[in-house]
Structures are given as structure tokens and as C-alpha cells.
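Report on the structure given below.
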Number of protein chains: 2
Amino acid sequence: MPSNPDRRRLLADAGLRVLAEHGARGLTHRAVDAGAGVPAGTASNYFRSRDALLGALGERIMERFAPDEKVIAELGAREPGRDLFVDYLRYIVERTTRQPELTRALIELRLEAARRPGLAEILGGTLRRGYAGDVAFHATTGLAGGPFEIALLHYALDGLLLDMLTTSIGADADPDDVVAAFVDRLVV
Amino acid sequence: MPSNPDRRRLLADAGLRVLAEHGARGLTHRAVDAGAGVPAGTASNYFRSRDALLGALGERIMERFAPDEKVIAELGAREPGRDLFVDYLRYIVERTTRQPELTRALIELRLEAARRPGLAEILGGTLRRGYAGDVAFHATTGLAGGPFEIALLHYALDGLLLDMLTTSIGADADPDDVVAAFVDRLVV
DNA sequence: CAGAAACCACTACGGCTGTTGTAGTTTGAA
DNA sequence: TTCAAACTACAACAGCCGTAGTGGTTTCTG
């Protein structure tokens with residue numbers, strides 16, 4: 001089991017792409033090889049089992065979702081308040097919908113984790129950390145609301161993303177409007 | 001391709017169970033046979049291809065999600081207002097979380113539909129109809145809000161369900177409280 | 001520079017999958 | 001009752017899957 005980090009990352013990213021594009025069913029070692037443009041057998045060398053492959057994707061996807069430090073610094077420098085919070089959430093939605101395949105892969109992984117304790121541990125840890133981080137960030141804005149309100153927002157945003165990225169219920173509301181409504185009504 | 005409706009339903013229900021329990025990857029003709037307790041090859045006789053099988057699941061799942069006529073009549077007889085609406089939503093959440101495997105299967109199908117136009121048509125139709133129905137029901141309650149607010153609720157509830165049924169973000173809020181908060185803040 | 005360790009490309013295998021075909025059996029109409 | 005149509009059980013095929021193993025090559029270390 002080689003540990004070359006560059007190749008590992010390359011393979012994991014290809015795996016996420018495959019997972020989003022062809023679903024859990026299409027995620028095979030050989031498909032990852034093809035997607036990464038490496039010789040057949042390479043993914044199998046790095047991730048000796050399917051569990052290992054999924055675990056690696058679960059770890060990698062959170063690195064990929066990590067927000068741009070520069071943007072966070074920029075937002076952190078602004079005046080706390082409602083507008084900042086809306087922009088923060090819009091940044092989340094924008095970042096996730098700009099890479100729809102990544103978000104779709106995350107949903108696939110969350111479903112898969114419901115059946116794989118090992119994956120659940122990896123994914124659950126980072127998801128919880130993300131939620132805790134949002135609670136902390138929100139606290140700095142001085143806005144009303146606490147952990148409960150952030151949870152509401154999380155649920156609401158995830159539902160919106162699910163609708164945007166999969167078969168929609170067909171309400172043609174502007175995502176930006178939806179986000180603004182969530183913030184204004186759920187938190188502020 | 002036989003058309004025996006009873007057997008068809010039996011097989012589709014088994015398929016939904018398999019889909020929820022083992023994911024898209026585990027959904028095979030033979031697994032459906034085993035789950036339904038019928039001889040190997042039966043599912044293959046009824047659904048000649050994997051596409052046909054998924055399409056049948058997409059149609060069947062909406063029948064399964066159809067609300068109990070009696071409950072709807074009961075709710076319809078009550079005084080319109082906020083409490084009625086909360087109870088209506090709680091009924092939705094209760095009905096979907098009481099059969100978690102069915103809801104999980106729906107999420108799997110929605111993901112799958114993102115890649116299969118045929119399935120998307122089947123699933124999209126019924127999802128849109130469900131949304132339209134909710135808009136119509138809401139109109140009868142005389143509460144504030146319109147289609148936009150119902151869309152917000154739909155997104156929010158789907159997100160809550162996703163969290164409850166897959167790897168959670170770990171905010172330990174009571175689902176009943178969350179539902180009540182969604183209604184009170186998003187609509188009323 | 002020499003040797004060992006890590007990495008890489010490739011192969012092999014048993015098992016499962018989608019799909020099709022084909023006999024036997026039941027059902028229902030004439 | 002008769003006979004065709006529908007249904008059922010079963011088998012077979014090629015192809016892909018996870019996994020493990022094996023030499024050759026590169027890279028690091030002393």
C-alpha cells in the first residue's frame with residue numbers, strides 16, 4: 001500500500017468525480033484508474049479494498065470543501081450583522097453549487113455511510129466539526145440565535161442543495177432568494 | 001414480460017427494501033428475488049432491464065408514500081390554522097420517519113434519477129404533483145404564505161430528513177421542535 | 001556507489017451481474 | 001373439454017467486480 005500523497009490525492013479526486021457522475025454503483029477501482037488516467041490496478045494498489053477507497057473519499061471530500069482562506073479572512077474583516085451572514089451562506093451555496101459533482105458525491109457518501117460504520121465515523125466527525133465551526137462563526141457575528149438556529153439553517157440548506165442537484169420538486173424559486181429567506185426567517 | 005399486478009407490487013416493494021438497505025449498488029435482480037422470496041429469475045422476468053426495474057420502483061414508491069385517506073379526511077375536518085398545519089407537517093415527518101427505509105430509498109432514487117432521464121421523468125412528475133398538492137392544501141388553511149413558503153418548507157423538511165436518515169451533522173435538536181420552528185418561522 | 005525499501009504496472013481468479021432464451025405449467029376463453 | 005395465451009421457473013452467456021499476488025523499476029540511504 002504505497003503512500004505517495006500526490007498520487008493518493010489524484011486518485012481520490014478522480015474517485016469523487018466518478019462517484020458523482022456514475023453513483024455508488026459506478027465507483028469501482030478500475031473506473032477510478034480510468035478517471036485518473038493511470039494504469040489499471042493503481043487505485044487497487046493505493047486502496048486495497050472498497051472500504052478503504054470509500055474511507056479515503058470521505059477524508060478527501062472534506063479537504064475539498066474547505067473554504068478559501070482568503071474569502072474567510074475577507075468576510076471576517078467585515079462588519080458583523082445580517083448582511084455578512086447572508087453573504088456567508090451564499091458563499092456556502094455558491095461554493096457547493098459551483099462544484100455540483102462534489103456535493104452530489106457528498107450525498108452519496110452520506111447515504112453509503114448509513115451502511116458502513118467505518119465511513120460513518122470519518123464522515124460524521126468532519127460533518128460535526130463543520131457544524132460546530134458554523135456555530136462558532138455565527139457567534140462572532142453578534143446576531144440573534146444560537147446552535148438551534150444554525151441547525152435549522154443547516155437542514156434547510158442541505159434540503160435546498162438536494163433539490164438543486166437531484167430531481168427537483170419543481171418550485172422555481174431563485175436559490176438566492178431562498179437563502180435570504182432562510183436567514184431572515186430562521187435566524188435574524 | 002408478465003403483468004400480474006400483485007406479484008409486480010410484491011417485487012417492487014422488495015426492491016425498495018433492498019435499495020434502502022444495500023444501496024444502489026446492492027439493487028440487483030437476484031437480490032430482489034431473494035428479498036421477495038421468489039425463485040431466482042422472477043424479477044428479471046418482470047423487469048427486463050435495470051432501467052425498467054428502477055422505473056417500477058420510482059412509480060411504486062409514490063404509491064407507498066400516499067397519505068392515509070382517513071387521516072387526511074380527519075385533518076381536513078379540523079379548524080384551519082397554524083396548529084392544523086403543524087400537525088399536517090408532523091404527520092408527513094412521522095410517516096416518512098416511521099418507514100425510514102422508504103425515505104432512504106427515495107433519496108437513492110432521486111440521486112439515480114439525476115443520471116437517468118427516464119427515471120427523472122417518472123420521479124419528477126410525482127414530486128411536482130406532491131408539491132402542488134401541498135400548495136393547494138395550504139391554501140385551504142387560510143394561513144399566510146404561498147407557493148414560495150411551501151417550497152421553503154419542502155427544502156427544509158427534506159434537509160431534516162436527510163440528516164435524520166444519514167450521517168448526521170450532530171446537532172441534537174428534537175425533530176418535533178425543528179418542524180414546529182420551520183412552520184412558525186417560515187410560513188406563519 | 002551498493003543495497004534495501006518503496007513504488008509501480010500488470011496479471012489472474014473466483015464470484016456476481018445484466019440480459020436473453022427456453023421449456024414446463026397455469027389460466028381463461030371458446 | 002380444448003387449446004392458445006400468459007405466466008413461471010430455470011439455465012446459460014459474456015462481462016465486470018473486488019482482491020491478491022508478482023516481478024520490474026525507481027528512489028532513498030548509508
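Please read all numbers here as calculations on a predicted model, not as lab measurements. Residue numbers begin at 1 in each chain, while the letters A, B, ... track the order of the sequences.
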Margin query: Check the orientation of A:His154 and A:Tyr131. Use parallel for under 30°, tilted for 30 to 60°, and perpendicular for over 60°.
Written below: perpendicular
Partners of [X] by salt bridge (charged side-chain N to carboxylate O under 4.0 Å, His left out), sequence neighbours excluded?
X	result
B:Glu94	B:Arg98
B:Arg116	B:Asp51, B:Glu112
B:Arg129	none

Check: Where along residues 108-121 of chain A does a heavy atom come under 4.0 Å from DNA chain C, residue by residue in number order?
Finding: none
Notebook entry, point to check: Do A:Phe47 and A:His29 make the cut of ring centroids closer than 6.0 angstrom?
Noted result: no
Notebook entry, point to check: Roughly, in whole Å, what's the span from CG in B:Asp51 to P in C:dT17?
Noted result: 18 Å
Notebook entry, point to check: What pairs with A:Arg64 under side-chain hydrogen bond (donor to acceptor under 3.5 Å, both in side chains), at least two apart in sequence or on another chain?
Noted result: A:Asp13
Using links of under 4.5 Å between side-chain heavy atoms of ILVMFWY residues, direct or through other members, which residues join [X] in one cluster?
X	value
B:Ile107	A:Ile107, A:Leu111, A:Leu162, B:Leu111, B:Leu162
A:Met1	none
B:Leu161	none

Note to self: Strictly under 4.0 angstrom, non-hydrogen atoms only: write out the protein contact profile of nucleotides 3-15 of chain C, one letter per nucleotide from the 5' end, B, S or -.
What the structure shows: ----SSBB-B---
Item checked: Positional range of nucleotides in DNA chain D within the contact set of chain B, heavy-atom, under 4.0 Å -> D:dC7 to D:dG18
Note to self: Expected output is a numbered-order residue list: members of residues 16-29 of chain B with a heavy atom under 4.0 Å from any atom of DNA chain D. What is it?
What the structure shows: B:Arg25
Margin query: Do B:Arg185 and B:Phe182 form a cation-pi contact, if we require the NZ or CZ to be under 6.0 Å from the six-membered ring centre and within 45 degrees of the ring's axis?
Written below: no
Check: Distance-only, no hydrogens or angles: does the A:Arg8 side chain make a donor-acceptor pair with backbone N or O of A:Ser3 under 3.5 Å?
Finding: no
Check: Looking at residues at least two apart in the chain, or sitting in another chain, which of them share a ring-ring contact (aromatic ring centres under 6.0 Å, His included) with A:Phe148?
Finding: none
